[in-house]
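Reviewing the structure listed below.
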Amino acid sequence: MRIVATALVGLLLSSCAADVLRLEYAGQVSTQAGALVQSAKGYVADVKARRREANIALVASDPSCSWGDVLVIDRRWRPPAGLCDLAGVPPERQERIDLRPLSQDALKTITVAIAGVAAYQAALADVLEDKPPDAKEAINSAIGSLSTASSDINRIAGEKLFDLGVLTSDRAKAVVDLIGTLVALQQTSLKVNAVRAVVAEKDSKPLLSALDDGVTKLAALQDANSASRLLFALDLAYGRERANADFVGRREWIRQIAAAADDSPGAREARIAALRSALTQLAAIDMKLRQALAGEFSKADRQRIARENRAQILGILSQVAAIFPAI
Amino acid sequence: MASADIVVNAFIRLRDSLTTLAARTSLNPQKSILLHRAMIAGSLAEQCAARFGNGDVPGGDRAAAAADAASTAAGNVDAQEATAVDAVIAAADTACDALSAILSSVFSAARRVVREGASNFVGSLRVSPPVPRTGGPVGFGAPAVGGAAAQAQPTYAVSVAKLFPVEAATAFPLAQAYSEGSGFTLLLFIIVILVFIVALRYFGTLKDGKPAKYEIGIAVISFLLWIGSLKGYWIKEGGHPVDWITPDASAGLFGIATIMWVALVPYIAEATAEKEPDGQ
């Protein structure tokens with residue numbers, strides 16, 4: 001008798017612990033995704049603003065330059081020549097510096113991946129509750145966005161129509177895989193057991209790593225190029241104007257140059273640290289949640305967990321849509 | 001040939017090493033020139049990433065090696081020694097010239113493709129040859145034996161890509177998602193997609209005013225099989241059309257049929273072209 005009672009108590013305890021655990025994981029995933037979207041949004045806006053400031057400084061740094069979509073300069077420029085003075089410069093030495101706002105292409109990779117993470121979570125919530133129309137709608141919209149993004153990646157990569165080769169690239173593959181997962185979820189009619197099988201089979205790692213790559217590249221390439229542009233522009237302008245400036249003016253100028261020079265790879269890493277940390281945690285919690293979902297639990301439990309998450313997940317999806325309405 | 005990532009990263013390193021050297025040196029005008037070259041290296045890396053994505057850069061290994069050599073030189077040089085710093089600038093120029101040449105040749109090729117694209121589209125989807133073949137082995141991209149027409153034959157893989165309606169294959173899951181179980185809505189979507197397939201291929205296979213009707217038919221059949229492999233014929237409105245087979249089993253059968261069909265269609269197109277030399 002005592003053995004049976006102990007076993008029952010143990011069973012109840014483990015069941016309660018499992019519920020608490022599942023709720024905690026589900027909540028954590030949503031919180032992480034929300035933080036991730038906010039962080040990405042802030043960082044991308046910041047990168048765009050720094051790019052614009054650097055472009056303005058570059059054009060202003062030399063009287064021979066004027067504002068436009070591109071700045072054409074001599075690749076082998078030497079002072080004291082005007083930066084945009086192309087007299088006698090052969091065409092093959094002329095370099096076009098793009099002054100347009102940061103390309104949506106680079107940002108799109110990140111958005112697609114974030115949208116994918118959020119949609120994936122919506123799918124996880126669907127495992128916990130039977131066929132909620134709102135979540136179904138969210139998945140439909142995610143499929144639409146991702147299909148557009150997939151064909152955009154195809155087009156952007158410059159391949160000819162119907163050439164499937166480009167779809168083998170990792171970036172496009174992560175998007176196509178996610179479409180596959182979402183379509184597979186659709187086809188299960190969002191029945192718990194079938195969805196669970198799909199979720200157990202699919203791995204969100206490629207998508208999260210695509211997001212991580214996108215963020216890393218944005219920091220090391222576009223963001224760092226803005227810093228490099230600004231530093232050159234300030235240095236050039238200082239060289240041109242220092243004879244006319246007084247001590248206070250020169251000190252302020254040098255202060256700006258020193259600040260621009262401080263924007264090292266380490267400083268840029270620090271700017272994306274929050275984003276990357278959120279991604280890492282999201283990947284870890286995502287995996288734990290999938291493992292928790294693989295276990296058996298009651299319909300009441302599923303609905304409770306789903307309720308906890310649904311509003312947050314749909315909120316995240318709309319936030320993602322708000323960042324880049326273009327896709 | 002090197003992957004775009006390798007080239008981009010080499011030029012990112014070049015940008016950073018030139019910037020670091022500029023901070024270390026007190027020479028003028030070398031400081032300004034180093035910062036200028038750093039900006040150029042970064043701009044080229046950006047163009048390379050935008051153009052090649054995750055793909056390969058033709059001749060990129062040479063440019064990447066030149067960039068790495070310049071980076072190493074920048075790291076090791078005595079920052080106050082004018083001749084040595086000038087040598088680093090010259091090395092950076094060599095690397096930037098190499099990548100710029102690759103980008104400009106690629107861009108001019110891309111511009112040519114865009115310029116010729118519109119006129120090239122008409123007939124571009126055609127698999128069967130537009131003129132009677134003079135003999136030679138049946139095959140895809142067979143060597144010179146078959147003459148100029150045979151040389152112009154697409155490869156097997158390209159034939160599959162042209163005969164299988166990829167645009168419809170990606171559109172159908174979307175249609176399924178939006179019709180939300182309504183058979184009527186899905187049927188409307190299917191009709192629209194079919195019209196699109198036929199219209200696209202009518203113009204895409206047009207040669208001498210005649211479309212390749214067999215190839216249009218093949219694309220339509222491919223799409224109809226694809227619908228089956230995605231359970232598109234099993235709408236739950238009022239029960240399934242047949243009861244003796246489950247949707248999953250039928251999707252499997254359609255899936256196998258689609259695979260077999262896609263594998264065989266280039267040969268079918270080839271055979272019809274052999275039978276009717278004008279490709280009709």
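All chains are named by letter (A, B, ...) in the order of the sequence lines, taking the proteins before the strands, and each is independently numbered beginning at 1. Remember, predicted model here, so these are calculated numbers, not experimental data. Note that these values count all heavy atoms, side chains included, but never hydrogens, waters or copies made by symmetry.
For a residue to count as touching a neighbouring chain, one of its non-hydrogen atoms must lie under 4.5 Å from one of that chain's; by this rule A:Ala224 touches chain B with backbone and side chain alike. Proximity to chain A is absent for every atom of B:Leu34, based on heavy atoms less than 4.5 angstrom apart. Proximity to chain B (any heavy atom under 4.5 Å) is shown, for A:Pro80, by neither the backbone nor the side chain. Proximity to chain B (any heavy atom under 4.5 Å) is shown, for A:Asp263, by neither the backbone nor the side chain. Contacts of B:Ala38 with chain A are made by both backbone and side-chain atoms, with heavy-atom separations under 4.5 Å. Using a 4.5 Å cut-off between heavy atoms, A:Arg93 does not touch chain B at all. For B:Asp93, the parts sitting under 4.5 Å from any heavy atom of chain A are the backbone and the side chain alike. If you measure heavy-atom distances from A:Leu231 to chain B, the contacts under 4.5 Å come from both the backbone and the side chain.
Residues A:Asp98 and A:Arg100 are paired through a salt bridge, judged by an N-O separation under 4.0 Å between the basic side chain and the carboxylate.
Judged purely by distance below 3.5 Å, without hydrogens or angles, the side chains of B:Ser3 and B:Asp56 never pair a donor atom with an acceptor atom. If you check the side chains of A:Ser61 and A:Arg240, you find no donor sitting under 3.5 Å from an acceptor. Judged purely by distance below 3.5 Å, without hydrogens or angles, the side chains of B:Asp86 and B:Gln30 pair a donor atom with an acceptor atom.
If you tally non-hydrogen atom pairs under 4.5 Å between each of B:Ile12, B:Asn28, B:Val8, B:Asn9 and chain A, the highest count goes to B:Ile12. Considering only heavy-atom pairs separated by less than 4.5 Å from chain B, the leading option among A:Arg76, A:Arg78, A:Glu95 is A:Arg76. Of the residues considered (A:Ala233, A:Ser228, A:Ala227), A:Ser228 shows the highest number of contacts with chain B, using heavy-atom pairs under 4.5 Å. Contacts with chain B were tallied for A:Asp235, A:Leu221, A:Ile97; A:Leu221 has the most, counting heavy-atom pairs under 4.5 Å.
Between B:Tyr202 and B:Ile197 the shortest side-chain heavy-atom distance does not fall below 4.5 Å.
Between B:Leu35 and B:Thr19 the shortest heavy-atom distance is CD2-CG2, 4.4 Å.
Taking the six-membered ring where tryptophan is involved, the planes of A:Trp77 and B:His36 are tilted, since the angle between them lies from 30° to 60°.
Open room surrounds CZ on A:Arg96; 12 or fewer heavy atoms of other groups in view lie less than 6.0 Å from it.
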